[in-house]
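Here's the structure we're looking at; comments come further down.
All of these numbers come straight from a predicted model, not from anything done at the bench. Because only heavy atoms are used, hydrogens play no part in the values below, and waters and symmetry mates are left out as well, while side chains stay in.
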Amino acid sequence: MYIVGIVIPVPGDKKDAYRAWSENSAALFKEYGCLEVVESWEDNVPDGKQTDMRRAVAAQPGEKIVFSWQVWPDKETLDAVEAKMHDDPRFDIPGDMPFDAKRLIYGCFSPLHVVGRE
């Protein structure tokens, strides 16, 4: 498995717009071979003493933190479809993006240890 992790600051009043955007994106990721997509809306994101998720994405007052991850079969699968996904016009949304994409954090990870999954 191969994991894509994302932290996104989203204006609190754009939760429904974000949900619609993420549901559309998740369906497309699945079409391209993604096994699982989880989108999580902030419930308890504490302020840290040195750093925290909010500071990491320069969240503004009224913004909520979304923590998202995708599970891909392997790095090769994601690498093989990444350019195709960037060129797919179905990922474009009409109107305003429900978040500031310049402030999201994105990273890809190879699991070290997995519990609860075959």
Take K30 and E36, measure what salt bridge (charged side-chain N to carboxylate O under 4.0 Å, His left out) needs, and give me the verdict at the end. CA-CA 7 Å; K30 294 282 279 182; E36 177 179 297; over 6 Å; no
Would you say the side chains of E39 and S68 form a donor-acceptor pair under 3.5 Å? yes
Going by the rule side chain to side chain contact (heavy atoms under 4.5 Å, CB included), which residues pair with [X] if we only count those two or more places apart in sequence or in a different chain?
X: A59; answer: P9, R54, V57, E63, I65
X: V81; answer: Y32, W72, M85
X: D100; answer: K102, R103

How many angstroms lie between [atom1] in [X] and [atom2] in [Y], if you round to the nearest 0.5 Å?
X: Y18; Y: I8; atom1: OH; atom2: CD1; answer: 3.5 Å
X: R90; Y: E31; atom1: CZ; atom2: CD; answer: 4.0 Å
X: I3; Y: S110; atom1: CD1; atom2: OG; answer: 9.0 Å
X: I6; Y: S40; atom1: CD1; atom2: OG; answer: 11.5 Å
X: Y2; Y: T77; atom1: OH; atom2: OG1; answer: 11.5 Å
X: W41; Y: S22; atom1: CH2; atom2: OG; answer: 9.5 Å

Decide side chain to side chain contact (heavy atoms under 4.5 Å, CB included) for L78 and V4; before the verdict, give the C-alpha distance in whole Å, the side-chain angles of both, and the deciding distance to 0.1 Å. CA-CA 9 Å; L78 177 59; V4 175; 3.6 Å; yes
Looking only at heavy atoms, what is the nearest atom pair of P98 and P11, with distance? O-CD, 3.4 Å
Which pair of heavy atoms, one from G12 and one from K64, lies closest together, and at what distance? CA-CG, 4.0 Å
Is there a chain of hydrophobic side chains (I, L, V, M, F, W, Y, each step under 4.5 Å between heavy atoms) that links [X] to [Y]?
X: F29; Y: F67; result: no
X: I105; Y: V37; result: no
X: V66; Y: F109; result: no
X: Y106; Y: W69; result: no

Using modelled atom types and a 3.5 Å cut-off, is there a donor and acceptor pairing between side-chain atoms of Q60 and backbone atoms of A58?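 Checking the backbone N and O of A58 against the side chain of Q60, a donor-acceptor pair under 3.5 Å is found.
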Going through the checks in order, is the side chain to side chain contact (heavy atoms under 4.5 Å, CB included) test met by V10 and K15? CA-CA 7 Å; V10 179; K15 183 177 183 179; over 6 Å; no
Are any non-hydrogen side-chain atoms of P46 and N44 less than 4.5 angstrom apart?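 Yes. Closest side-chain heavy atoms under 4.5 Å.
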Just wondering, do L35 and P73 contact through their side chains at under 4.5 Å, heavy atoms? yes
Taking the ring of W21 and the ring of F99, is the distance between their centroids below 6.0 Å?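 Yes, the ring centres sit under 6.0 Å apart.
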